[in-house]
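First comes the structure, then the notes that go with it.
Below, chain A is the first sequence line, B the second, and so on; all start at residue 1. Please read these numbers as outputs of a predicted model, since none were measured by experiment.
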Amino acid sequence: MPKVTVDGVELDVPQGATVLQACEMAGKEIPRFCYHERLSIAGNCRMCLVEVAPGPPKPQASCALPTAEGQVIRTDSPMVKKAREGVMEFLLINHPLDCPICDQGGECDLQDQSVAYGRGATRYDENKRAVTEKYMGPIVKTVMTRCIQCTRCVRFAEEVAGVEDIGAIYRGENMQITSYLEHAIQSELSGNVVDLCPVGALTSKPYAFEARPWELTKTLGIDMMDAVGTNVRIDSRGRQVLRVLPRVNDDVNEEWASDKTRHHVDGLVRRRLDRPYVRKSGQMVEATWAEAFEAIKAVNAGSSVAAIAGDLVDCETMFAAKSLVNALGGTLLEGRQTGLDYDVTSLSAVNFNTTIAEAENADVILLVGTNLRWEAPLINTRVRKAVWKKGAKVFAIGPETDLTYRTEWLGDDASLVAKLPQHVTDALKGAERPMLVFGGGALSVPGVHGAGLALAKAVNAVRDGWNGYNVVHFSAARMGSLMLGYGLPRGIKDVIAAKPKLAFFLGADEVDFAALPDTFKVYVGHHGDKGAHAADVILPAAAWTEKDFTTVNTEGRVQRSEKAVFAPGDAREDWSIFRALADALGVSVGFDSFDECRAAMIAAVPALGVEGIADYGWTVPKLPAKPEARAIPSPIKDFYLTNAICRASPTMQRCSEELIHGVDFAEAAE
Amino acid sequence: MADAPQIPDEAETRARWGNFAWTAENAEKAKAVIARYPAGRQRSAVMPLLDLAQRQVGAETQTQGWLPVPVIEFVAAQLDMPFMRAYEVATFYTMYNLVPVGRYHVQVCGTTPCLLRGSDDVMAACKNRGMTKGKTTPDGLFTLTEVECMGTCTNAPMVQINDDNYEDLDYDSMTRILDALAAGDAPKAGTQIAGRHTSEPEGGPTTLKEMVKANHDYRKEWEA
């Protein structure tokens, strides 16, 4: 614990802290561009200069200077002030004065810091340099003349995203940041470089010229695009969500978000269901709520009712639907639309027990049937961190793909789980913190679930202070639905076998609707997608940005999200739809307001009332452990088009075409 | 970036150089270079290998050689490094040519010492032979580049042509060298002043003259 003095204040700093960190601990603001807590230290912007004694009599870059016992640091001396002014003047020499037409305006580090630390005016009379435009793909818009070469994007691509496609070419005055040969960046995390860029060189292409930051209403939310539960800020203006940005949560998403999280939002205003529809002689016809309810009542289903939850629904919606189904006397509730039927008697056996944050501490990792990069991009960055920073070893079973780190692929045969090669078993047994990760693809093969639990026991993956047994889901609704009892022993096959007269599809689009020919299908959702096409009645509901809700991520973390905007047209929040429908059907669901709905849900499942990781204990169900010998399928065919909102989003469609199907969109040089 | 190299069309270079591979001799050399670095640090060999590749391209095209993108990728793949990292190296150093050059790459130094000693005349000699800065002559013989200091200031002005330095130039000697090269001869490298060998003072020593014949102790003279 070195003792240092910052501007006359003495304080102890942790061993190995940098001078910049010491200054921050002392409450001093140090301007910086290249330094970023989650990236390696580059030390090339020189903005963080401070005066340090003992040392050479000149300003020192505090971000790259380790603290030492007895250091006297000054951040307020004339030398520091002058140094900052000088650095700022150099940075601005080649920076264009185009703030009025720059999308970064209002949230620009360079703008803010030049006001705070720069000279009042420029002394530079020569021509500024200009840099030719670069192409970085469908997400990142570039104006490279504005670049100050902090290399944050280069370091992010190399260290976090794991795609070493961005670099600095040429040198000196000619240095430019570019993607390799100006091809699109092949990463599902490319949008993060937009946040990292301290100037307006990299900005968001879909959001270009949409709004200024001060016009936006900021709402705290939880992303529903995958089961990571990324903490986000929903920026809206009027009735439209304009963008979604990640919030810092070290336990979940650090400060990253996947491109799907960021850019599916333009799908929220397209293909929306904004009024009820009723099928009349084969045609969907616009209707009023009363007519729609009348049509449902006319089915006269009695207790032959089912509810099938989709991937994007929240806990309150599922609870409201469950209350209605139960009130009608039905019990058929299922959330695994595509036909998965793994055992759900123990939630701990289908949970990401290691927790997302701890995943980066694992030392030997076995991935079974999961393309983590697509199913949970931000868990993949944790695994990458374990590999990159701590030298973890990764084995994988399943269809081969590039996970951005060195992976030993053992094959794609599911039966391998029960008979791993000796060296893999040895590595797992010898590991201090072994981690087994099973994806949805793995659980779709009978026997893998049991074999996985047996393997966890055999290699002692669950031990004191460490639970290395994990299932990674990619549906945001999954853990919540399982906690609310949306899980039948044989999955959706039980629903099909029961031939319910009436079924509610809660934003469920991936169901095999043809298997339910005699069922009256009510689609309660927000997008006109596959589910709406198959429905007999459509009840327009709210998307995730249009309601308060509770959701549970794949590690069992209960999180709450707030309502940012109102649902369009006649669409209503889901809980109120079921409440009104209960009246129409002459039953009672037991709540009259959202708060009552939530309270009833918490009364039924107390764990949903506590934000944070729900404790499922550790119980192992007895399951057959003989996996079938067949190839593990890949559950996600196209990362960018996994749900109804994405499929409606032009940005996601473009990403899919360009990054997955290789359509060439690169603009010709102008 | 007006003077940044115009990287040749990717499809064309891929068609021409896509299946670049070491010659047997160069494969041996590459192996020897990589062996200089500890296991896991093969990336350190990127610079010698890029140079080797450039020379092989030169041998194949009868020029001084350049680095087409597929060749850079070939080297990067051999060293198990991302293409971008090798590309950064190739673009950073001026000894790697990113565009095709002629048989003789004439690099005229224009930094202050050479400028003061008459590099303008040297440049004029090149221009009068039809060369243009940054361009290759139509016969594919010469490429002219103006470069910064090559560290031969005692023999200014100088040019570097392929692997040789030509020093102590003036308009006439430069013209003579270019003529000889064009005729396929190998003009004398190094200083062009008769009687001068390397960087010793022109016309014999001006100081420490007694040291020329035998060791001489100057200390007594300094004491006075």
Side-chain angles (χ1 to χ4, degrees), chain A residues 40 42 44 94 127-137 142-145 147 149 151 153-159 161-187 190 193 384 388 391 402 404-406 664 666 668-670, chain B residues 1-18 20 39-43 46-47 50 66-99 110-111 133-134 145-149:
Chain A
S40 63
N44 52 13
N94 280 315
N127 292 328
K128 286 176 186 252
R129 90 183 184 140
V131 183
T132 47
E133 224 48 280
K134 304 286 179 272
Y135 183 75
M136 285 204 187
T142 60
V143 183
M144 295 321 285
T145 300
C147 176
Q149 289 134 10
T151 68
C153 52
V154 179
R155 284 173 285 146
F156 174 84
E158 180 181 352
E159 294 161 19
V163 287
E164 297 193 50
D165 275 350
I166 309 183
I169 59 168
Y170 305 117
R171 64 167 165 183
E173 200 195 10
N174 294 320
M175 180 173 158
Q176 11 188 329
I177 303 289
T178 175
S179 55
Y180 184 59
L181 304 179
E182 299 183 34
H183 294 318
I185 311 166
Q186 295 286 333
S187 172
S190 62
V193 299
R384 179 173 160 79
W388 206 70
D402 176 18
T404 73
Y405 38 82
R406 211 173 282 271
D664 192 7
E670 286 164 33
Chain B
M1 299 282 133
D3 52 350
Q6 297 295 313
I7 307 286
D9 181 69
E10 203 186 326
E12 266 172 43
T13 47
R14 282 204 196 278
R16 169 69 180 81
W17 295 104
F20 176 88
R41 309 262 173 181
Q42 306 87 346
R43 287 182 184 195
V46 64
M47 290 180 58
L50 284 176
W66 65 294
L67 285 173
V69 165
V71 174
I72 299 175
E73 288 175 0
F74 171 82
V75 169
Q78 186 176 13
L79 300 174
D80 192 21
M81 65 197 285
F83 295 166
M84 188 69 208
R85 295 285 101 87
Y87 189 64
E88 283 176 329
V89 172
T91 55
F92 185 89
Y93 292 101
T94 50
M95 273 177 75
Y96 301 120
N97 302 319
L98 298 173
V99 291
T111 308
K133 237 193 268 182
T145 316
E146 183 177 340
V147 296
E148 300 306 328
C149 186

Going through the checks in order, is the side chain to side chain donor-acceptor pair (under 3.5 Å) test met by A/Y180 and B/E88? CA-CA 9 Å; A/Y180 184 59; B/E88 283 176 329; over 6 Å; no
Heavy atoms, side chains only, cut-off 4.5 Å: are B/F92 and A/N174 in contact? no
Quick one: do B/D80 and A/R406 make a salt bridge, cutoff under 4.0 Å? yes
Within the structure provided, determine whether B/T91 and A/R171 are in side-chain contact (heavy-atom separation under 4.5 Å). no
Would you check if A/D165 and B/F83 make a side-chain contact, meaning some heavy-atom pair closer than 4.5 Å? no
How many angstroms lie between CD1 in A/I166 and CE in B/M84, if you round to the nearest 0.5 Å? 8.5 Å
Within the 4.5 Å heavy-atom criterion, are A/H183 and B/E10 side-chain neighbours or not? yes
A/T178, part contacting chain B, at a heavy-atom distance under 4.5 Å: both
